[in-house]
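Comments concern the structure below.
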Amino acid sequence: MKTGANGKDIEIKVPCGTVLLDGESEKIIADLYEDGMRFVALRGGSGGHGNAYYKSSIKKAPHFSQLGEETKPKEVILELKTIADVGLVGFPNAGKSTLLSCISNANPKIANYPFTTLYPNLGVCEVRGNAFVVADIPGLIEGASEGQGLGHYFLKHIERVRLIVHLVDISQCDGRNFIDDYEKINKELELYSVELSKTPQIVVLTKIDLIDEETLKEREDAFKEKYNINFLTISCATFSGIDELKLQILEKLSKIPKKPPLQVEVVDFDIKDRESIIISRDDEGAFVVSGGKIDDFARGIVLSDTRSFAYFQRRLESMGIIEMLKEKGLKSGHIIKIKDIAFEYVE
Ligand SMILES: Nc1nc2c(ncn2[C@@H]2O[C@H](COP(=O)(O)OP(=O)(O)O)[C@@H](O)[C@H]2O)c(=O)[nH]1
Ligand SMILES: [Mg+2]
């Protein structure tokens, strides 16, 4: 004996900031912006009555049951747009993960080669009783905005940050030109999104412990001359400049509002027609009955079974469908077609 509706819900846990898009239109269905938010992306069909439902004193073990309602599969795209206050950007090896572990509780993987982690590392930084969330955005390289490497994927994570801390390795220890690096990263941000390129930045020249004071001065001057912007110099090895950086972040964040959740673009995502009854006539003069109410009803019928067929006919009467058909001219001998069933009406 089967009772029918025992199906389990499928619930998928996702990180805060996961955005759901409709697979076809790519429109936004939901933005799971806050902790604990839940969203039903696809409702299952009604379970259908099991044969227990049809049990009676005569039919102890009915051999018909109602099929579960068929539902259309639906493709949903999940995009993680991390909710963090601060995003750390810079070329691989610039020292982002090191800085994150230096200022927050996070414990990211640190290595002296340009590798890419699969998820942005997040850490909570506490300064003078205030806390903010910092995300380390790996994989940003030239061409990232056009899909080079995994950078494009990671750029999604900084769309919502309020402040970017742009790290530039001033030591040039791996033969890079730090002045070009700064410009190249900004170019990638801009190519990805103009809005992102307008996100306020704190520019940080890092690894200053690796060069002597004279070289530091020369490089600072060169940077100043080229860009004429404010910047900080730090070292995660000696902690030089780290407290100052934390205070500057706090101070800037206090003036920048949080970005609101994304606007939902698809509202009638899951509305089902269970009410309509549509009657038409086909080329051969048969009466064709369709509509949501019919779909709902017809799925329960196994017409190869005579008892089931008798039940089906009684239901056509009780649902008022025969009456509706008569109003449209149904007479004895006419053919009625419902879904893939066709039969002759006999009064
Ligand atoms: N001497 C020195 N080395 C640093 C500093 N910051 C990072 N590093 C080193 O630079 C390498 C790359 O750092 P990592 O944080 O993994 O860079 P990411 O790719 O930007 O995340 C590692 O070997 C770090 O130990 C610093 O301030 N001083
Ligand atoms: Mg890293």
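All ligand and atom numbering here is 1-based and tracks the order in the structure. Only this structure's heavy atoms are used, side chains among them; waters, hydrogens and symmetry mates stay out.
- Taking distance alone, with nitrogen or oxygen atoms compared against 3.5 Å, Thr98 approaches ligand 1 more closely than that limit.
- Under the 4.5 Å side-chain heavy-atom criterion for Ile, Leu, Val, Met, Phe, Trp and Tyr, Leu122 and Leu100 are members of distinct hydrophobic clusters.
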> Where do Lys246 and Glu251 land on the salt bridge (Lys or Arg N to Asp or Glu O under 4.0 Å) test, with the steps shown first?
Replying inline: CA-CA 9 Å; Lys246 290 203 293 198; Glu251 146 86 10; over 6 Å; no

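- Interface of Ser235 with ligand 1, defined as ligand atoms under 4.0 Å from a residue heavy atom, comprises 27 (O).
- No N or O atom of Leu99 sits closer than 3.5 Å to an N or O atom of ligand 1.
- Under a 4.0 Å criterion applied to the non-hydrogen atoms of Pro92, ligand 1 contributes the atoms 19 (O).
- Residue side and main chain included, Ser97 places an N/O/S atom under 2.8 Å of the Mg ion (ligand 2).
- For ligand 1, the atoms closer than 4.0 angstrom to any heavy atom of Leu210 are 1 (N).
- For CD of Glu195, the number of neighbouring non-hydrogen atoms (other residues, nucleotides, ligands) closer than 6.0 Å is 12 at most.
- In this model, no donor atom of one side chain and acceptor atom of the other lie less than 3.5 Å apart for Thr238 and Asp209.
- Hydrophobic clustering places Leu253 together with Leu99 (ILVMFWY residues linked when any side-chain heavy atoms are closer than 4.5 Å, directly or through intermediates).
- A distance of 6.0 Å or more separates the ring centres of Phe231 and Tyr182.
- Those atoms of ligand 1 with a heavy atom of Cys236 less than 4.0 angstrom away are 26 (C), 27 (O).
- Residue contacts with ligand 1, taken as heavy atom pairs separated by less than 4.0 Å, involve Asp209 solely via side-chain atoms from C-beta onward.
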